[in-house]
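The structure under discussion appears below in the form of structure tokens.
Ligands are counted one by one from 1 in listed order, and the atoms in each one are counted from 1 as well.
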Amino acid sequence: MIYQVIVDISNSEVDRVFDYSCPFDVEEGSRVEVPFGHRFLEGVVIGTKQSTDVKTKDIIRKLDDFRAVNAEMIALCKYMKAFANIRFCDSLRLCMPSKLRGGKVKILVRNYVTLEADKEIARSFVKNAPKQLKLLEEFPKGGEYESVLIGTYGQSAVKGLIDKGILHRENVQVRRKPLKELDGDTKKVVLNDEQQNAVKTILENEGTTVLYGVTGSGKTEVYMAVIQKVLEEGKTAIMLVPEISLTPQMLGVFRGRFGDNVGLLHSGMSDGERFDEWLKILRGDAKVVLGARSAVFAPLENVGVIIIDEEHDTSYVSDSNPRYHTHDIAEFRRRYNSCRLVLGSATPSLDTYYKAQKGEFKLVKMMTRANRRAMPIMEIVDMRKEVRQGNTGMFGKRLLAELDRTLKNGNQAMIYINRRGFASFLRCKNCGYVPKCTDCEVSLTYHKDENVLKCHYCGKKFYMLDACPECGSDKLSFGHIGTETVMEEIYKIFPQVKVLRLDNDTTTAKDSTAQILSAFAKGEAQILVGTQMIVKGHDFGNVTLVGVLDADLSLYYSDYRSNETTFQQITQVAGRAGRNDKEGSVIIQTYNPAHYVFRFARQYDYEGFFEKENNIRETTVFPPFSKIMRVLVKSEKEEKALVAARECYAALRKIKEENVGLFRVQAMQAPVKRISNEFRFQVVIWIRTDAEKAVTPRVYETAEKLNKKPVVTFVEVNPVNMR
Ligand code: ADP
Ligand code: ZN
Ligand code: ZN
């Protein structure tokens with residue numbers, strides 16, 4: 001028998017299958033140690049065959065007593081290689097806990113001692129050994145860890161009884177259980193008609209279902225009912241949520257419903273915990289996996305449903321190598337298992353909803369909140385008026401008045417500011433005008449070093465403005481405020497209140513997000529100021545007011561999705577108000593109140609927004625009406641990077657001239673010219689969706705050819721947050 005092995009080095013030259021012989025049997029999917037050149041390396045057996053033309057060496061040994069990847073994962077790796085150009089070795093790494101490689105995590109075993117002999121008979125053997133007798137008399141029913149017994153009775157007593165055959169010692173696995181102190185939440189609800197209909201639709205559709213349900217419509221209950229049914233069918237389930245919404249609340253709900261049958265996979269766990277949970281899933285001891293993005297690789301067999309909650313969330317696109325889109329992996333697993341896939345959101349991504357409209361996905365809606373409350377009323381406040389009236393502060397009059405009222409009533413408020421991206425856009429504070437690219441309709445970014453405005457998609461440059469072309473005002477400014485400044489401002493106006501803030505700076509420590517949120521939930525502060533992190537997944541019953549400062553900020557990221565993201569964020573953050581029995585209100589401050597994003601958001605009119613935005617994408621031929629790929633070319637040697645980028649551009653131009661579906665090519669400096677001493681250039685291309693399958697591999701091939709020291713290239717598909 002010949003074994004086909006992928007060795008664990010991430011290098012495009014060795015990213016292929018190597019043949020080995022072996023004197024003993026090895027199961028496909030096992031990790032093995034093999035000789036490779038003058039070294040010994042770890043690898044994974046991904047197949048077998050009868051014979052080979054090459055001279056083979058023997059596999060040295062099996063590394064684990066379990067099979068690390070199953071047949072589905074091997075198929076998945078082949079798929080990722082073919083369609084996303086991800087190396088075998090890199091995709092195999094995604095399928096197992098990182099520390100398994102190199103044997104850095106082990107199954108934790110401890111000696112466990114049980115009573116083997118009859119107590120009556122045993123007594124007569126230890127009459128003269130008082131310590132042993134004491135241990136025998138007090139021996140706990142069911143047994144105890146050896147170390148615990150030694151701690152109480154001493155080494156010699158324990159050893160004595162074991163040697164006599166009275167006690168029996170055995171190695172058992174100890175499971176490092178994440179969040180063991182967590183109480184299960186066992187609240188039971190009766191599903192309403194909309195929820196029942198959603199469950200039924202999802203279960204009956206052996207395909208992808210989009211669950212569009214307004215915030216608070218009770219999607220979690222739908223997911224759990226679906227999972228329950230899937231378990232009854234004898235199958236397994238994967239439930240994915242954005243990392244940020246893996247709150248203790250969420251875990252508690254799942255533990256409460258499915259108990260120990262839940263395996264948990266997220267980045268906040270220790271390596272040991274992660275390994276134990278993974279092994280528990282691999283061995284079939286957990287049939288429901290709850291986790292963030294990477295849990296889409298959970299080693300479950302016989303999957304019956306995969307659920308992606310908040311499916312529009314950008315965290316489902318991995319931003320570091322290897323770059324993958326969680327939806328693609330889930331779609332592969334759906335086909336492989338012939339199972340259901342659920343994409344749930346109150347604001348589905350345009351791509352997803354477009355497919356639902358075309359009939360590629362099934363659509364089911366939930367339009368009412370489970371608590372029967374109306375959606376909170378959203379007010380749009382025109383900040384330009386405030387400026388004209390001499391208020392240049394960050395809070396408008398309406399928001400201040402509402403804050404005051406909320407605090408007086410003993411309720412809580414959340415203040416949301418948007419602070420992502422690195423770029424500064426230019427804006428007229430008098431009329432709200434923001435300059436945009438004449439070709440791409442995305443906002444231009446100011447580049448201080450050249451004193452120009454630039455489009456990050458096509459690279460076009462525009463003169464810097466010194467007055468607004470719309471109204472002539474010279475009050476042009478670069479927007480940006482931080483949570484800290486907002487907090488100081490609040491303390492100036494309401495010195496007696498307690499304010500908490502939550503953003504990337506305050507949450508470097510592992511648990512502090514949870515700590516801040518739970519402090520707020522307990523009412524230790526009246527106001528929570530935060531960025532993206534406060535948008536998702538938290539249920540605060542006392543929050544009756546949500547304020548959004550400078551809601552336009554996210555409109556002006558130089559990203560074709562910026563309208564979409566803004567709509568999503570406003571809708572999600574507004575959904576935090578009035579979750580309990582109290583009525584909520586939402587105040588959105590903007591310098592651009594007439595923008596259609598606010599018009600539709602205010603009415604909670606997702607479908608209206610979708611129609612409008614989709615039309616624009618069709619006109620500008622951006623996704624879902626095309627596929628965008630970016631080849632990033634970087635090197636410490638600027639000249640080399642530039643030459644490679646030019647070559648890349650020329651090669652892609654050639655493909656364009658063939659008229660096979662690649663219809664636009666632009667080469668330019670990357671938005672951030674230099675990161676960690678590397679110079680960066682990019683080539684951005686647009687591909688017709690019907691030509692994707694034919695053109696994509698050629699783009700990867702072009703980039704791969706140029707990926708030679710000292711130049712590094714990599715390719716992103718529909719890149720999010722281009723840098
Ligand atoms: P979504 O994820 O759709 O925003 P959630 O799943 O968080 O909404 O549910 C919102 C709230 O409604 C939760 O507190 C949940 O317990 C409650 N809920 C869900 N379904 C029902 C129901 N059928 N009856 C009563 N309360 C429900
Ligand atoms: Zn103006
Ligand atoms: Zn442009």
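Inspection of the S585 and E379 side chains reveals no N or O donor paired with an N or O acceptor under 3.5 Å. Under 3.5 Å, the side chains of D351 and S349 contain no donor-acceptor pair of N or O atoms. In the model, E613 has a side-chain atom that pairs as donor or acceptor with a side-chain atom of Y596 under 3.5 Å.
Partner of F610 under the ring pair (Phe, Tyr, Trp, His ring centres under 6.0 Å) criterion, chosen from F567, Y354, Y353: Y353.
For atom 9 (O) of ligand 1, the closest non-hydrogen atom of the protein is G218 CA, 3.5 Å. Counting only heavy atoms of the protein, atom 16 (O) of ligand 1 lies nearest to K187 NZ, 3.0 Å. Nearest protein neighbour of atom 4 (O) of ligand 1, counting heavy atoms only, is G216 N, 2.6 Å. Looking only at protein heavy atoms, the nearest one to atom 6 (O) of ligand 1 is T220 OG1, 2.8 Å. Looking at atom 3 (O) of ligand 1, its nearest protein heavy atom turns out to be K219 NZ, 2.8 Å. Looking only at heavy atoms of the protein, atom 27 (C) of ligand 1 is closest to A370 CB, 3.5 Å. Nearest protein heavy-atom contact of atom 7 (O) of ligand 1 is R579 NH2, 3.2 Å. At the top of the distance list for atom 11 (C) of ligand 1, counting protein heavy atoms only, stands D539 OD2, 4.3 Å.
Judged by distance alone, with hydrogens and angles left aside, the side-chain atoms of E489 form no donor-acceptor pair with the main-chain N or O of F395 at under 3.5 Å. Between the side chain of Y316 and the backbone N or O of L240, at least one donor-acceptor pair lies under 3.5 Å. Within the 3.5 Å criterion, the main-chain N or O of I570 finds no donor-acceptor partner in the side chain of Y416.
Ranked by closest heavy atom to atom 25 (C) of ligand 1, the top entry among V189, D309, N192, D193 is V189.
Not a single N or O atom of T215, backbone or side chain, sits closer than 3.5 Å to an N or O atom of ligand 1.
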- Query: For E311 and T352, what are the C-alpha separation, side-chain angles and deciding distance, and is it a side-chain hydrogen bond (donor to acceptor under 3.5 Å, both in side chains)?
  - Reply: CA-CA 9 Å; E311 70 87 28; T352 294; 2.9 Å; yes

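Shown in contact with E221 at under 4.0 Å from a heavy atom are these atoms of ligand 1, numbered in order with element: 19 (C), 20 (N).
A heavy-atom separation below 4.0 Å is found between S217 and ligand 1. The shortest separation from a heavy atom of N371 to ligand 1 is not under 4.0 Å, leaving the residue out of contact.
Counting heavy atoms under 4.0 Å from ligand 1, residue V190 touches it through the backbone alone. The proximity of Q195 to ligand 1, defined as any non-hydrogen pair under 4.0 Å, is limited to the side chain.
Using a 30° and 60° split on the angle between ring planes, F254 and F258 fall in the tilted class, from 30° to 60°. Relative ring orientation between Y606 and Y212 is described as tilted, the plane-to-plane angle lying within the 30° to 60° band.
To the nearest 10 degrees, the angle centred on the Zn ion (ligand 2) between SG in C468 and SG in C431 reads 110°.
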